[in-house]
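Sequential numbering from 1 along the given sequence is applied to the chain's residues.
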Amino acid sequence: MGGMAESTESMPDWEKRFRAPRVGLPEWAEDAPDRSLFVSNATGTYELYAWDRATGEQRQVTDRPNGTTSGVISPDGEWIWWFSDTDGDEFGIWMRQPFERDGTVRDGTGGGRGGDEEDGTRVTDRGDEPATPGLAPSYPAGLALGRDGTAVVGRSTDDDGSTIHVVPPGGTPCEIYRHRESAGVGDLSRDGTLIAIEHTEHGDAMHSAIRVVRTDGTTVAELDDTRGGTEELGLSVMGFAPSAGDARLLVGHQRRGRWEPMVWDPLTGEETALAIDLPGDVGAEWYPDGSALLVSHEYHARSELWRYDLATSALVRVETPVGTVSGATARPDGTVEFLWSSAAEPPQVRSTSGRVVLDPPGFTAPGSVPVEDIWVDGPGGRVHALVQRPAGEGPFPTVFDIHGGPTWHDSDAFAAGPAAWVDHGFAVVRVNYRGSTGYGRAWTDALKHRVGLIELEDIAAVREWAVASGLADPGRLVLAGGSWGGYLTLLGLGTQQDAWAVGLAAVPVADYVTAYHDEMEALKAMDRTLLGGTPEEVPERFAASSPLTYVDQVRAPVFISAGVNDPRCPIRQIDNYVARLERRGAPHEVYRYDAGHGSLVVEERIKQLRLEIGFALRHLSLPAPDPDRARIPAPGRDGARSGTPA
C-alpha cells in the first residue's frame with residue numbers, strides 16, 4: 001500500500017473523495033445468507049463484486065469500460081445476474097455467471113485496509129452467459145428470481161411498451177403481461193406462484209396500481225388507489241412475506257398524505273393497517289423470519305431505522321447516527337446492516353452488532369463540513385434547504401446545486417461534488433423544491449403542468465434568503481445541477497436571467513419537445529403525467545417548460561456536459577439548444593463524453609467536475625485557491641440538525 005499512500009500526498013482533498021474506494025450495501029442470498037453481492041469503485045470504475053462471508057473471499061464479477069451497477073443474486077446463492085447494456089445506454093439484456101467459478105480471483109475490495117488492489121490482476125474466465133435466451137434487448141423493468149430457477153423479467157421498449165415474461169429454467173420465455181403504459185415486476189412470492197406487478201394503465205406515471213397474477217398471467221387481485229379522480233394516490237410493492245405458503249404482500253400507500261406501509265393479502269383481500277406513527281415518508285421490508293418489519297423513515301432530509309413487531313405493534317428504534325441511511329437490510333441473526341453517511345462523514349456499511357461490515361482497501365475519503373438546515377417561506381409553503389459554508393466570512397460565491405429526479409431529495413449525506421465546491425471557497429445551497437420526496441404527498445404532487453417553473457419559484461425564494469442573510473454574494477451566484485437539476489439550470493438561466501452569473505448543466509433536458517420524442521418510453525409516460533399530455537396535445541405547456549423557449553434570454557455563461565448514449569436526456573435535444581447559443585455567440589462550453597446518463601468511471605467524474613469548477617472560476621474572475629489549505633472543521637459524529645451546524 002506504500003505506493004497508494006505516496007500517490008495521495010499531493011492529491012487535493014476534493015479528488016481524494018472521489019478516488020477513495022467505496023462499497024455499497026451487500027445484497028445477500030435469501031437461502032444462502034453467507035453469499036453476497038455488492039458494488040465497489042475499487043478499480044476506479046463502479047463494478048459488481050461477489051463476497052463469500054464464510055471464507056472471506058471476494059472477487060470482481062463484472063469488468064466493463066463504462067462500469068456495471070445493476071445486479072441480483074439468486075435466492076440459492078448459485079447465480080449472479082447483471083444487466084449488460086452498451087456504453088451506458090441502459091438498453092440490453094440480463095447476463096449471469098455462477099457465484100463460484102474457475103479462473104483468477106481478484107481480492108481487491110475488503111478484508112481490511114492494505115489489500116492487493118494494485119496488483120493489476122484482472123478477472124478471467126467469468127463464465128458469463130445470456131440469462132434469458134429468447135428475449136430481445138430492452139430497457140429493464142424489474143427482475144424477480146424464484147427458488148426453482150424461474151425468472152420473471154420486466155421489459156420496456158418503444159415499440160412494445162411494457163412487457164413481463166416468465167422464463168422457466170432452461171425453457172422458453174412466456175409473455176404474461178403487455179401494456180403501452182409503464183409497468184414493471186414488483187416481486188415473486190416465496191413459493192413462486194404469485195407475481196406482483198406495478199402498473200400505470202390508468203395513465204398516471206406518478207401513481208402506480210398493483211396487480212397480483214399467477215405465473216400464467218391470470219389475475220388474482222387488483223389494488224388501485226388512483227380512484228380515477230383528481231386526487232390520485234400511488235401504491236408500491238415492498239415485497240411478499242418471506243415464509244412459504246404466506247401470500248401476504250407488503251405494500252406502500254399514500255392514503256394519509258405520505259408514503260407508509262400496510263399488509264395486503266391478495267388471496268383474501270384483507271388489508272392490515274400498521275400503527276407506525278412517524279412523520280414524513282415511511283418504507284419497510286420484512287425481517288427474514290417474517291415476524292417484524294425493518295422500517296426506514298425519511299423526514300426533513302434525514303433518515304432513521306425502526307423495528308416494527310407485527311404481533312405486538314411495538315415500534316423500537318434501531319440506533320443509527322444522525323444523517324442518512326441509504327440502504328438497510330435485516331440479517332437472519334436479527335442484526336441490521338446499513339449504509340450510512342452524513343454531509344461531514346464518508347459512507348460506511350455498518351451493523352447493529354457494532355462492527356463495520358465491509359471495509360474497503362486503501363485510503364479513506366477526507367471528511368467535509370456539516371450541513372445547516374434552512375427553512376424559507378415560498379409561494380407553495382415552507383421550503384427546506386441544506387447549506388454548507390466554507391471557511392471565512394461571507395458573503396461567498398455560492399453554488400445552488402439542484403437535485404435531479406424530480407421526485408427525489410437532497411439529504412444530509414456525503415457527496416463529493418458539493419464538498420469540492422466548499423474546498424474551493426464556495427458556499428453550497430441545495431433546495432428540496434416542490435416535487436421533492438420526504439415532505440408529504442402534497443409537496444411531491446405539486447409538480448404538475450407548470451413543470452420547472454414551480455421548482456424555480458422555490459429556488460428563487462431560497463436565493464433571496466441566501467443574499468439577504470449575507471451568505472451569498474449576489475454577483476457570484478452559480479446555478480448548477482445534473483439531469484432534472486441540469487434541466488432546471490437551463491430553464492433558470494433563461495427565465496431568471498438577472499439572478500445567475502454562471503450556469504452548469506449536466507445531462508439536462510434542454511429542448512423538451514425533442515427530448516420527449518427521443519427519450520425512453522417510461523420517461524415519455526412520466527412527461528405526459530407531469531404536463532398533462534404529449535407535445536401535440538398540450539404544446540403550450542411544453543413550450544412554457546422548455547429551456548429552448550428562453551435560450552435567447554440567457555445571459556450567463558453556461559457549461560453543458562452530456563453523455564452521447566444517454567436515453568434519458570438524449571444528445572440531439574442538447575445539440576439543438578447549443579446550436580441556438582452558438583447562433584447568437586452566447587458564451588458557453590460543451591463537453592460530450594462516451595457514456596449514458598452520467599458516468600460510472602471515477603476519473604471521468606473528476607474530469608467533469610474539474611471542468612465545471614474551472615469554468616466557474618474563470619467567469620466569476622476568482623483565483624483558483626489551494627484546496628488543501630481549506631480549513632475543514634472536524635466533523636461531529638451526529639452531523640447537523642435543527643438549523644445549527646454540528
Query - ring pair (Phe, Tyr, Trp, His ring centres under 6.0 Å) pairs, two or more places apart, involving residues 515-534 - result: Y516-F542
Requested in this report: Could I get the full list of ring pair (Phe, Tyr, Trp, His ring centres under 6.0 Å) partners for H597, not counting sequence neighbours?
Outcome: none
**Report entry** Counterpart residues, side chain to side chain contact (heavy atoms under 4.5 Å, CB included), relative to A328 (two or more places apart)
**Finding:** L294, L305, V325, V336, F338
**Report entry** Identified salt bridge (charged side-chain N to carboxylate O under 4.0 Å, His left out) partner of R568 from the options E519, E521, E90
**Finding:** E90
Requested in this report: Using salt bridge (charged side-chain N to carboxylate O under 4.0 Å, His left out) as the criterion, list what pairs up with D518, not counting sequence neighbours.
Outcome: R572
Query raised in the report: Of all residues at least two apart in sequence or in a different chain, which pass the ring pair (Phe, Tyr, Trp, His ring centres under 6.0 Å) check with F91?
Result: Y139
Donor-acceptor contacts, no H, no angles, side chain residues 615-624, under 3.5 Å, sequence neighbours left out:
unit_1	atom_1	unit_2	atom_2	d
R618	NH1	G614	O	3.3
R618	NH2	E589	OE2	2.8

Query raised in the report: Quick one: side chain to side chain donor-acceptor pair (under 3.5 Å) partners of S561, sequence neighbours excluded?
Result: none
Query - Set of residues satisfying ring pair (Phe, Tyr, Trp, His ring centres under 6.0 Å) with respect to F18, sequence neighbours excluded - result: none
Query raised in the report: Do R463 and W500 meet the cation-pi criteria used here (NZ or CZ under 6.0 Å from the six-membered ring centre, within 45° of the axis)?
Result: yes
Requested in this report: Would you please name every residue forming a side chain to side chain donor-acceptor pair (under 3.5 Å) with S411, sequence neighbours left out?
Outcome: T324
Query raised in the report: Can you pull the salt bridge (charged side-chain N to carboxylate O under 4.0 Å, His left out) pairs that have at least one residue in residues 487-512, sequence neighbours excluded?
Result: D498-R555
Query - Selection residues 466-499 - residue pairs positive for ring pair (Phe, Tyr, Trp, His ring centres under 6.0 Å), sequence neighbours left out - result: W484-Y487, Y487-Y512
Requested in this report: Just jot down the side chain to side chain donor-acceptor pair (under 3.5 Å) partners of E464, sequence neighbours excluded, or say none.
Outcome: none
